[in-house]
Amino acid sequence: MKVRKAVFPVAGLGTRFLPATKAQPKVMLPLVDKPIIHYVVDEAVASGVEDIIFVTGRGQVAIENYFDISFELEQFLRSKNKTDELEQVSGISNLINSCYVRQKEALGLGHAIMQVRHLIGNEPFAVFLGDDVIDSEEPCMQQMLAIYERYKCSVVALERVEKSQTSSYGIVEAKEIDSRLFKLDGMVEKPDPEDAPSDLAIIGRYILTPEIFDILERTEPGKGGEIQLTDAICALLQRQAVYGYLFDGIRHDTGDKLGFLKATVEFALARDDIGSQFRDYLKTVKL
Ligand code: G1P
């Protein structure tokens, strides 16, 4: 069955980015002039997944408004003949078919995914974590969909990380079966380096089979007292194969202050309009 729907769990409180995230969703912070979430939605659209379910929390209406029509703004731009800006703004509201579900309490990523069960039904679906912005020639999700097409099993995106970083990620135990492709044997959420089964970290892109929902319903709170998606996928492994794909691309962790700054610099340098001026400016910065 084709992967038609994507889930974007965006209800996180953005505690790594306070106070900027006190009154706005962290995925609405801009990388140059586009909110983080827009880059991630672009990846979904470029991969052919246009039905997007956002799992939001209180105080996140900015995301809904962003993907909706902005009537006054469009009217204003039209009246001033600002056609480029008008095209840009109205294009956003036509980008996706969106739907919003509330996660009433921040009980973890697994809990966020449980909120969409009734909208997904019995289909495989994609999950995009908004913090991870992936810059790649072929969209990361498209790379993963090719693996899904081959095996019709769940797939998680993988990246090698420093051993000292394992406590920030889900870490897998896996056998390499092809170039970039791993068959998973287990996984642990945020292990200390000495307990990590490998240096292969799960990055915020998943394709999941619908069997995950039954498992999630029974998953007890794990690391940090939250219902962890990693624990549910680990249990899914007992029933069906799960693959990991070492995607080709560069991942920016924009939920982290340093990651956000690095992504800002990279994206600004790559811009046609301001890239060269920004490069010249950086050369003058005293380090
Ligand atoms: C989540 C997952 C973790 C994964 C990470 C990728 O953690 O729980 O397994 O490695 O995303 O970004 P979070 O960063 O939301 O704490």
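For the numbers below, each heavy atom of this structure counts, side chains included, while hydrogens, waters and symmetry mates do not. First listed ligand is number 1; within each ligand, the first listed atom is number 1.
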* Asked: Which atom pair, heavy atoms only, marks the closest approach of Lys26 to Ile36?
  -> O-CD1, 3.7 Å
* To do: Note the single closest protein heavy atom to atom 12 (O) of ligand 1, along with its residue, its atom name and the distance in Å.
  => Asp132 OD2, 2.9 Å
* Those atoms of ligand 1 less than 4.0 Å from some heavy atom in Gly170 -> 3 (C), 4 (C), 9 (O), 10 (O)
* Asked: Got the closest protein heavy atom to atom 11 (O) of ligand 1, with its distance?
  -> Leu129 CD1, 3.3 Å
* Structure fact -> For Asp248, the side chain to side chain donor-acceptor pair (under 3.5 Å) test, sequence neighbours excluded, returns none
* Tell me: protein heavy atom nearest atom 8 (O) of ligand 1, and distance? -> Glu189 OE2, 2.6 Å
* Salt-bridge contact Asp214-Arg117 (side-chain N to carboxylate O under 4.0 Å) -> yes
* Structure fact -> Residues joined to Leu77 in its hydrophobic cluster, side chain to side chain under 4.5 Å directly or through other members, sorted by chain and number, are Leu73, Phe76, Leu86, Val89
* Residue that, paired with Tyr151, satisfies ring-ring contact (aromatic ring centres under 6.0 Å, His included) out of Tyr245, Phe182, Tyr243 -> Tyr243
* Asked: Which ligand 1 atoms does Thr230 reach within 4.0 Å, using its non-hydrogen atoms?
  -> 9 (O)
* To do: Measure the distance from atom 7 (O) of ligand 1 to every protein heavy atom, then report the residue, atom name and distance (to 0.1 Å) of the closest one.
  => Lys190 NZ, 3.3 Å
* Has ligand 1 got any nitrogen or oxygen that is less than 3.5 angstrom from a nitrogen or oxygen of Arg16? -> no
* Asked: Any ion pair linking Glu123 and Arg4 (charged N to carboxylate O, less than 4.0 Å)?
  -> yes
* Asked: Going by the atom numbers of ligand 1, which of them fall below 4.0 Å from some non-hydrogen atom of Tyr169?
  -> 10 (O)
* Structure fact -> The atoms of ligand 1 lying under 4.0 Å from a heavy atom of Ile202, numbered in the order shown, are 4 (C), 5 (C), 6 (C), 10 (O)
* Asked: Say you draw a straight line from CD of Gln103 to CD of Glu105; how long is it, rounded to the nearest 0.5 Å?
  -> 9.0 Å
* Does the protein put any heavy atom within less than 4.0 Å of atom 14 (O) of ligand 1? -> no
